[in-house]
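Report on one structure; see the data block that follows.
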Amino acid sequence: MKIKFSNDFWWGTAISGPQSEGSFEKKNDSIMDYWFKQNKEDFYNFVGPSVASDMFNQYENDIKIMASLKLNSYRTSIQWTRLVKNIMTGEIDEKAVEFYRDYFTKLKEKGIVTIVNLFHFDMPIELENIGGWTNKKTVKLYAQYAENCFKLFGDIISHWATFNEPVVPIEGCYLYKWYYPKIVDFKKGIQAGYNTILAHAKAVNIFHKIFENDKSKKICSILNLTPAYPKDNKPENIEAAEIRDLIFNKSFLDTMIKGEFPSKLVKLFASEDLLPEYDSEELAEIKKSYIDFLGVNYYQPSRIQSRLTKWNDKKEIMPEKWFENYEWPEKRINPHRGWEIHPKTLYKIAIDIRDNYNNIPWIVSENGMGVENEDKFLNKENQIQDDYRIDFIKEHLYWLNKAIDEGSNCFGYHLWTFIDCWSWGNAYKNRYGIVSLDLLNNKRKIKKSGYWLKEVIENSNEIEIDEDLVK
Ligand code: BGP
């Protein structure tokens, strides 16, 4: 069977500054740099973010590779800890401005539209030391940083993102101990989440003011959506899944698109004395902010049931007070990452955006598959034969295409990622790139999936899909 995407469809890849650039010439540490200096053993093979994919030095060549693959779009992020020389005053590092201006200009010259994101988990350590997102001073400094970025690069960049996956630092830093500072404190996490939303709203409002006469400038937020499937139709399981959705998806989705916190979530948090500190001026700022488009990172859904045992109220409260994860027996997983592969959920997300979120224009801003030891798939020409990745992409594109046919307003698909990149904790264990990176010499080589994508684009965005793959 054949599917086809519109001629102006965006094809590209996404990456982040901290995971690709390396920390060359950076004047400040993020929590990730600091965490690595403190606890190297927390990182796969003791590899930290200092060199990453060496894009700081090789971006010009990398952009040529992107162009050779006919990709028309891209996303990366500015590192706050690079752009700003002095985190507390916001003083700009002119060398960093030169670097980003050249990087973004080179992309533009090749006809590649870049979405520039402002925050990808990389909180400056100085701000984490005063409470990170739990402190409103961070919100103020972020708004100043965002305004500087819009003014410094707004002549080159048309598309912006305030945050990548804002819920993830809440989970990682305040609930599940994935990332430094590994605090377990749900109430603090909620304050951090609320302040993140406020910071987003402030940045969006500043953006719309600066560019009020230029409709080509657009801003989004990038959310990782993990729709919750209840185990079955029992009301208690449906209710548990609904709560999981409220806490992890709708908290950000509803606020950023509709300007309002879901009332059921507010009631739930109030019942446990978990509401953050807020005032009416802040709520008005949030209400006023609107995004021009939405970025959706999709990797996996969640599978939920009601609690099998009563939550022990003597324990620290966690979101799991209201639900439990459920192991769906039919679950297909990517064993390298442990994440479920369920392409049809992308269709569910697309229809939900169409029906419940004003059919806002949106892009799949990340989707991809991390695989360990990809070297075993090298052919004689030293090229990685990642057919599993091609199949993974095709399956997702099939469901996306169906949703677009049914009216969902998705205008593009970005793969995570362009080149194998450093990951939080996992470092270089799982490779996601369509271009491989040799860690010994930082050499790049396009994988089979990269050439496959190029072929799709050259073939007028038409894709042949094996029916067995999507039944
Ligand atoms: C997303 C993040 C990326 C990236 C990707 C893969 O959640 O936005 O930064 O890391 O997931 O995840 P991981 O690197 O943990 O395998």
Side-chain angles (χ1 to χ4, degrees), residues 12-22 30-33 35-36 42-45 47-49 52-53 55 74-80 115-123 161-173 175-180 196 220-227 248-249 252 294-302 333-341 345-346 349 363-374 386 388-389 392-393 396 413-437 439 449:
T13 57
I15 207 159
S16 75
Q19 292 174 276
S20 61
E21 285 167 18
S30 71
I31 51 169
M32 301 295 170
D33 304 308
W35 176 26
F36 180 69
D42 281 359
F43 296 78
Y44 183 75
N45 279 350
V47 176
S53 311
M55 281 187 87
Y74 175 59
R75 173 187 33 127
T76 187
S77 69
I78 292 175
Q79 296 194 68
W80 189 348
I115 301 176
V116 171
N117 173 34
L118 299 177
F119 190 90
H120 200 123
F121 310 170
D122 50 343
M123 174 66 75
T162 53
F163 283 88
N164 175 75
E165 304 189 347
V167 76
V168 169
I170 311 302
E171 294 173 273
C173 302
L175 289 172
Y176 305 122
K177 298 210 255 184
W178 303 331
Y179 311 143
Y180 183 86
T196 307
C220 77
S221 180
I222 293 170
L223 303 181
N224 53 312
L225 298 182
T226 50
F248 290 93
N249 298 317
F252 289 91
L294 173 71
V296 175
N297 293 354
Y298 173 64
Y299 290 94
Q300 59 170 349
S302 57
I333 69 160
N334 168 3
H336 311 283
R337 192 59 178 85
W339 286 348
E340 180 175 349
I341 300 178
T345 298
L346 192 52
I349 291 172
I363 178 167
V364 178
S365 41
E366 275 182 42
N367 178 228
M369 189 183 184
V371 173
E372 207 173 341
N373 297 325
E374 276 199 313
D386 52 346
Y388 42 86
R389 180 167 291 111
F392 177 97
I393 301 170
H396 285 84
Y413 177 86
H414 280 181
L415 258 177
W416 186 267
T417 180
F418 169 62
I419 185 163
D420 294 338
C421 71
W422 184 83
S423 159
W424 335 97
N426 273 335
Y428 278 93
K429 175 180 166 289
N430 300 320
R431 305 304 184 99
Y432 284 87
I434 52 170
V435 174
S436 66
L437 175 74
L439 287 189
S449 55

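All ligand and atom numbering here is 1-based and tracks the order in the structure.
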Considering only the protein, which heavy-atom contact is closest to atom 5 (C) of ligand 1, and what is its distance? Tyr299 OH, 3.5 Å
Atom 14 (O) of ligand 1: closest protein heavy atom, distance to 0.1 Å, is Ser423 OG, 2.6 Å
Heavy atom under 4.0 Å from ligand 1: found in Asn164's side chain, backbone, both, or neither? side chain
Which bit of Trp339 gets closer than 4.0 Å to ligand 1, counting heavy atoms only: side chain, backbone, both or neither? side chain
Is there a donor in the side chain of Ser30 and an acceptor in the side chain of Tyr180, or the other way round, less than 3.5 Å apart? no
Please determine, by modelled atom types, if Asn297 and Trp416 share a side-chain donor-acceptor pair under 3.5 angstrom.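 Short answer, no.
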N/O separation below 3.5 Å, [X] to ligand 1:
X      : answer
Glu366 : yes
Asn426 : no
Asn430 : no

Sequence neighbours excluded, which residues qualify as ring-ring contact (aromatic ring centres under 6.0 Å, His included) partners of Phe121?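 By the ring-ring contact (aromatic ring centres under 6.0 Å, His included) rule, Phe121 matches Tyr179, Trp424.
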Passes side chain to side chain donor-acceptor pair (under 3.5 Å), Asn249 versus Thr226? Steps please. CA-CA 7 Å; Asn249 298 317; Thr226 50; 3.2 Å; yes
Closest by any non-hydrogen atom to atom 12 (O) of ligand 1: pick that one out of Trp422, Tyr432, Trp416. Tyr432
Show the numbers, then the answer: is there a side chain to side chain donor-acceptor pair (under 3.5 Å) between Tyr413 and Asn367? CA-CA 8 Å; Tyr413 177 86; Asn367 178 228; 2.6 Å; yes
